[in-house]
Amino acid sequence: QVVYSNVIALKSNEKEIQPFIISTFVTEMLTVQATENFQYRIMDMNGRTLSAGRGNKGYNSIRMDGRVSGAYVIQLFGTTIKQSERFIKQ
């Protein structure tokens, strides 16, 4: 049996807005630009939680001095959005 459909998926011209924008190369401060208040968790690549906290809408700075150089993951939690990003501490 052959079934036909007249449904067409159209791609939106709107760009997806990222609720959180972070700096990907960090020396002493990790900067987070947020569209809403948020909570965060910073982990190493093994999944161990190194720090956690809260941030506000707008620009936020998270201190990274005292951490060894390497790759890290930050999880950001808004009211309805969860976002994970990788960054490198130099």
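If you're wondering where the values come from, they're calculated on a predicted model, not measured in any experiment. Basis for what follows: all heavy atoms, side chains included, without hydrogens, waters or symmetry-related copies.
Within the 3.5 Å criterion, the main-chain N or O of Lys57 finds a donor-acceptor partner in the side chain of Asn37. Not one N or O on the side chain of Asp65 forms a donor-acceptor pair closer than 3.5 Å with the backbone of Arg63. The backbone N or O of Thr27 sits less than 3.5 Å from a side-chain atom of Lys89, completing a donor-acceptor pair. One N or O on the side chain of Gln83 and one on the backbone of Phe20 form a donor-acceptor pair closer than 3.5 Å.
Nearest heavy atoms, Tyr72 versus Asp44: CD2-CA, 4.1 Å. Taking all atoms of both residues into account, the shortest heavy-atom contact from Thr80 to Glu36 is N-OE2, 4.2 Å. Nearest heavy-atom pair, Pro19 versus Ile81, reported as atom, atom and distance to 0.1 Å: CG-CG2, 3.6 Å. Closest approach of Asn56 and Ala34 over heavy atoms only: O-CB, 4.0 Å.
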Chi angles and distances behind the side-chain contact (heavy atoms from CB on, under 4.5 Å) call for Ile62, Val26: CA-CA 10 Å; Ile62 301 169; Val26 177; over 6 Å; no
Mind running ring-ring contact (aromatic ring centres under 6.0 Å, His included) on Phe77 and Phe38 for me, showing each step along the way? CA-CA 5 Å; Phe77 307 95; Phe38 65 95; 9.7 Å; no
side-chain contact (heavy atoms from CB on, under 4.5 Å) between Val73 and Met45, intermediate numbers included: CA-CA 7 Å; Val73 174; Met45 295 308 280; 3.8 Å; yes
I'd like to know whether Leu76 forms a side-chain contact (heavy atoms from CB on, under 4.5 Å) with Lys82, so could you lay out the CA-CA distance, the side-chain angles of the two residues, the decisive distance to 0.1 Å, and finally the verdict. CA-CA 6 Å; Leu76 302 148; Lys82 178 180 173 184; over 6 Å; no
What do the steps show when you test Ile22 against Ile74 for side-chain contact (heavy atoms from CB on, under 4.5 Å), and what is the final call? CA-CA 9 Å; Ile22 70 158; Ile74 183 168; 3.8 Å; yes
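The side-chain heavy atoms of Gln75 and Met43, taken from C-beta on, include a pair separated by under 4.5 Å. Counting heavy atoms from C-beta on, the side chains of Phe25 and Gln90 come closer than 4.5 Å. In this structure the side chain of Ile88 never reaches within 4.5 angstrom of the side chain of Thr24, judged on heavy atoms.
Hydrophobic clustering (ILVMFWY, side-chain heavy atoms < 4.5 Å, transitive): Tyr59 and Leu30 are in distinct clusters.
Judged purely by distance below 3.5 Å, without hydrogens or angles, the side chains of Thr31 and Ser23 pair a donor atom with an acceptor atom.
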